[in-house]
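Please read the structure below before turning to the comments.
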Amino acid sequence: MSVWRFTGLNFVLFLGAIQSIPGEFHEAAQLDGATRWQQFRYIVAPGIRPVLGLSVILAVSGSLSVFEIPYIMTTGTTGTSTFVIQTVKFAFQFNKTGLASACAVVLLLIILGITWIQRRLVPDEKVDIV
């Protein structure tokens, strides 16, 4: 369910970002003889860059904290489990809530670290659309 939710969210975000680009830019690019690839590269891609960054952050944090699908498929059997499934087992099966809380904080730090690295590698540019 969460995979479909993120796909729909991404579609809406990208659609909104593309529609927020003024049509005059595309028209001017066509008059100047730009190909569809050049229009995408120089007009659309810079316009959707903030949304792309947000989508990457949401995808990484969502994939690190995935719980429902692996738990429903395997219930943690056959020796396979994700970090979140192991944290839930610590909390509810083994009654080690302190350890489970520590695991949740470690997961949060991992997500924050990856987000920080992603923001450093792809910094936001101030784009002035006149």
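In what follows, residues are counted from 1 in the order of the sequence shown.
No chain of hydrophobic side-chain contacts below 4.5 Å, direct or via other Ile, Leu, Val, Met, Phe, Trp or Tyr residues, connects Tyr42 to Phe14. Trp37 and Ile48 fall within the same hydrophobic cluster, defined by Ile, Leu, Val, Met, Phe, Trp and Tyr side-chain heavy atoms under 4.5 Å apart, directly or through other members. Follow the hydrophobic side-chain contacts under 4.5 Å out from Val84 and you never reach Phe90; the two are in separate clusters. No path of Ile, Leu, Val, Met, Phe, Trp and Tyr side chains, each step under 4.5 Å between heavy atoms, connects Val88 with Leu99, placing them in separate hydrophobic clusters.
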With a cut-off of 3.5 Å and sequence neighbours excluded, list every side-chain donor-acceptor pair involving residues 52-60.
unit_1 : atom_1 : unit_2 : atom_2 : d
Ser55  : OG     : Asn10  : OD1    : 3.2
Ser55  : OG     : Val51  : O      : 3.0

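Of the listed residues (Leu112, Ile117, Ile111, Ile110), just one forms a side chain to side chain contact (heavy atoms under 4.5 Å, CB included) with Ile114, and that residue is Ile110.
Listed by chain and residue number, nothing satisfies the side chain to side chain contact (heavy atoms under 4.5 Å, CB included) test with Ala102 (two or more places apart in sequence, or in another chain). Residues meeting the side chain to side chain donor-acceptor pair (under 3.5 Å) test with Gln30, sequence neighbours left out: none.
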Practice problem: Decide yes or no on side chain to side chain contact (heavy atoms under 4.5 Å, CB included) for Gln39 and Arg36, but give the supporting numbers first. | Solution: CA-CA 5 Å; Gln39 288 180 26; Arg36 297 294 265 171; 3.6 Å; yes
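What you find for Ser20 and Ala17 is that their closest heavy atoms are OG-O, 2.7 Å. In terms of heavy-atom proximity, Thr87 sits nearest to Cys103 at OG1-CB, 3.3 Å.
Atoms CD1 and CD, on Ile85 and Gln93 in that order, are 11.5 Å from each other to the nearest 0.5 Å.
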